[in-house]
Amino acid sequence: MTAKLINGTEIREEILKEIEAEVKEIKEKHGKVPGLVTILVGENPASVSYVTLKIQTAHRLGFHEVQDSQPGDISEEALLALIDKYNKDDAINGILVQLPLPKHIDEKKVINAIDPDKDVDGFHPVNVGRLMIGGSELKFPPCTPAGIQELIVRTGVETSGAEVVVVGRSNIVGKPIANMMLQKGKGANSTVTLVHTGTKDLEGHCKRADILIVAAGVPGLVKPEWIKPGACVIDVGVNRVGEKISEKTGKKVAILRGDVDFDAAKEIAGSITPVPGGVGPMTITMLMKNTLKSLKVKLGIA
Ligand code: NAD
């Protein structure tokens with residue numbers, strides 16, 4: 001059996017086109033566009049490249065985008081004051097503070113300072129609570145879990161009544177996606193099991209999964225024999241396992257592997273995400289969707 005490949009790059013393009021069309025329509029009818037500010041502290045190369053991609057995507061979609069770069073030694077007080085400024089800025093619907101922050105700044109304090117109605121990353125405790133309650137309370141699902149759910153739905157996988165097993169209990173992937181899949185509603189209504197480092201029989205749980213979502217950060221953790229024939233496998237893991245010279249650019253690039261043994265798993269699963277090119281492209285896309293939603297809520301058209 002060869003699984004259907006869940007192509008995150010193609011699905012991303014589909015969603016970005018939908019967002020672009022909606023932005024145009026709202027601009028014509030209401031004279032407003034979504035506004036996103038990304039706050040970058042310091043010059044961590046990975047953070048710089050993430051923020052650049054976010055801003056480029058926002059620009060492509062016709063958003064009002066602001067990149068606010070601050071020196072690595074900015075005080076916590078000054079950063080909190082900056083967030084307060086954007087909380088009060090009417091042209092800004094989404095505030096994203098690129099993590100990690102330098103050690104002298106308390107990340108929790110910073111996240112808690114963002115207006116929950118502009119917290120498009122969905123990390124503020126108010127939005128974590130809204131996610132837990134679900135239904136119409138849910139405002140901004142965190143971007144990677146939201147991307148995972150979109151991939152499952154757009155692949156046409158039945159979630160209602162499905163056995164979903166999530167590997168990993170992080171606050172940014174495992175816990176929120178488990179909560180989202182158990183809600184009563186479209187793309188969810190599943191029976192969810194969350195497994196982690198304290199779980200006794202990881203293999204036994206994985207073998208029951210109609211939908212297996214793996215976010216452990218351990219290359220090749222899930223063996224092909226752990227996969228139920230025909231299951232939908234979502235591999236969130238992005239693990240650097242070495243380096244190679246890119247054929248395109250001639251530069252050194254990282255060799256990336258997921259948490260699932262892809263080559264063997266694709267012969268058993270019904271559908272599967274590759275790494276890279278599966279979940280990865282979805283995260284920024286869902287950030288854009290959340291920012292658009294923030295504007296729609298403000299305009300009363302969500
Ligand atoms: P994390 O390290 O915060 O959490 C990993 C979780 O996996 C932990 O809760 C741990 O209990 C569990 N775990 C680890 N080893 C295990 C094992 N042997 N058995 C059972 N459970 C185990 O990681 P995270 O932030 O959730 O990220 C997980 C992976 O997903 C990483 O590879 C990360 O790079 C990737 N990731 C990708 C995206 C994206 O593609 N956009 C976004 C976020 C994270």
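All of these numbers come straight from a predicted model, not from anything done at the bench. For the numbers below, each heavy atom of this structure counts, side chains included, while hydrogens, waters and symmetry mates do not. Whatever order the structure lists ligands and atoms in, that order sets their numbers, starting from 1. Sequential numbering from 1 along the given sequence is applied to the chain's residues.
- Counting heavy atoms from C-beta outward, L99 and L101 have side chains that approach closer than 4.5 Å.
- Contact residues for ligand 1 (protein heavy atom closer than 4.0 angstrom to any ligand atom): T144, G168, R169, S170, I172, V173, H196, T197, L202, A215, A216, G217, V218, L221, V236, G237, V238, N239, G280, T283.
- Checking side-chain atoms of N290 against main-chain N and O of V120 turns up a donor-acceptor pair under 3.5 Å.
- At a threshold of 4.5 Å between non-hydrogen side-chain atoms, the residues D259 and V167 do not count as touching.
- Between S47 and L40, the closest side-chain pair of non-hydrogen atoms falls below 4.5 Å.
- Contact annotation: the side chain of I213 never approaches that of C232 to less than 4.5 Å [non-hydrogen atoms, C-beta and beyond].
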Solution key, residues 74-82 side-chain donor-acceptor pairs under 3.5 Å, sequence neighbours excluded:
| residue | atom | partner | partner atom | Å |
| --- | --- | --- | --- | --- |
| S75 | OG | A78 | N | 3.0 |
| E76 | OE1 | D106 | N | 2.9 |
| E76 | OE2 | K109 | NZ | 2.8 |

